[in-house]
Structure formats: C-alpha cells, structure tokens
Amino acid sequence: MRALIKNGIAGKSYWELFRYLVMGGIGALSYLLFSNLYDWLGAPTHLSPLLAWLSGLVIVYFGHMKFTYRVQARHRQMGFRFLVMQSYNLAMSTASTIFVRDWLQLPYFVASVAALATTVPVLFVLGKYWVYVSDPKSSP
C-alpha cells in the first residue's frame, strides 16, 4: 500500500473518483432538473427520462472525457461506446422511473432518484474501463 501511495497511483485514483463524483453530480443534477422540468411541462412519464437523457448527453460525454478521465478524444471509439453505455442508462432510468412512479405511485422526484441509484455505479465502471480507456491498445 505504501508503494501505491508513494508512486502516486492511489492518489491519482482518488482524484479520478472525486472528479467522477463531481461530474456525475453535474450529470445527476442536469438529469433531475430536466426530467422534473419535462414532467412539470406535462410530458408522459415514459418520455421524461428520454428527454432528460438527450438534454444531458453532450454535457456528460465531454465532461467525463475532459474533466474526469482526461483522455484524448477518439470519438469513433468513445462516441459509440458512450452511446451504448448511455442506452443502458436510458433503459434503466426509464424502467425504474415507470416502476416507482406508475406502479408504486410515488412522487416523480423519488422516481428520478431511484433511477440514478440504479445506474450510477454501473456507469462508473463502464466509463472507466470501457468507454474512456486512455490507451487504445488496452481496450477490448
């Protein structure tokens, strides 16, 4: 463990996690803002997550690339993988929102928080090890 700290590896990982949480917080806030805005505007329950997802895509993609993982843009690879990852995000967000809002009859805010809880951990792992891989040779 001392070797990791001495070489700065552990410190780098902690800062990357911190940056992920900051950028994730920005993404989560934009999701909460947009999804609740669309709900308030009268969008159907199943469309609010889609509209919120589309509204935040560019912010999250470039934010994680430039701020969180600090990698060079390889849009063909990263863009495609990002869209696959975010498709999972959209599917899980929509499913959990419909379940919590329509089936459990809880407020939309609770549904949007549940949507975040079902996606954030998986998105971190996919982002770090698949989408924003810093060395193209190390990607599968």
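Note that these values count all heavy atoms, side chains included, but never hydrogens, waters or copies made by symmetry.
- Here the closest non-hydrogen pair linking D39 and S48 is N-OG, 3.5 Å.
- By the side chain to side chain donor-acceptor pair (under 3.5 Å) test, S55 is found to be paired with Y38, residues two or more places apart in sequence or in another chain being considered.
- In this structure, the separation between CG on L90 and OG1 on T97 is 9.5 Å, given to the nearest 0.5 Å.
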Report task. Could you give me the CA-CA distance, side-chain angles and deciding distance for F82 and H75, then say whether ring pair (Phe, Tyr, Trp, His ring centres under 6.0 Å) is met? Result -> CA-CA 9 Å; F82 178 78; H75 297 301; over 10 Å; no
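- The OG atom of S35 lies 8.0 Å from the CG atom of L116; values are rounded to the nearest 0.5 Å.
- We find the CE-NZ distance between M23 and K66 to be 13.5 Å, quoted to the nearest 0.5 Å.
- Rounding to the nearest 0.5 Å gives a distance of 14.0 Å between OG of S112 and CZ of F34.
- At least one donor-acceptor pair under 3.5 Å links the side chain of R74 to the backbone N or O of V133.
- Residues meeting the side chain to side chain donor-acceptor pair (under 3.5 Å) test with T68, sequence neighbours left out: H64.
- Note on Y132 and L17: same hydrophobic cluster, where clusters join Ile, Leu, Val, Met, Phe, Trp and Tyr whose side-chain heavy atoms are under 4.5 Å apart, directly or indirectly.
- Considering CZ of R101 and CG of L106, their distance stands at 10.0 Å, rounded to 0.5 Å.
- Put simply, the side chain of F109 does not reach to within 4.5 Å of the side chain of V100, judged on heavy atoms.
- L41 contributes atom CG, which lies 11.0 Å from atom CG of N36 (distance to the nearest 0.5 angstrom).
- L29 belongs to no hydrophobic cluster with other residues, because no ILVMFWY side-chain heavy atom falls under 4.5 Å from its own, directly or through intermediates.
- Using a cut-off of 4.0 Å between Lys/Arg side-chain N and Asp/Glu carboxylate O, R70 and E16 are scored as not salt-bridged.
- Side-chain heavy atoms closer than 4.5 Å link hydrophobic residues (I, L, V, M, F, W, Y) into clusters, and following such links, possibly through other members, connects Y88 to M78.
- A 4.5 Å side-chain heavy-atom check between V22 and F18 finds at least one atom pair inside the cut-off.
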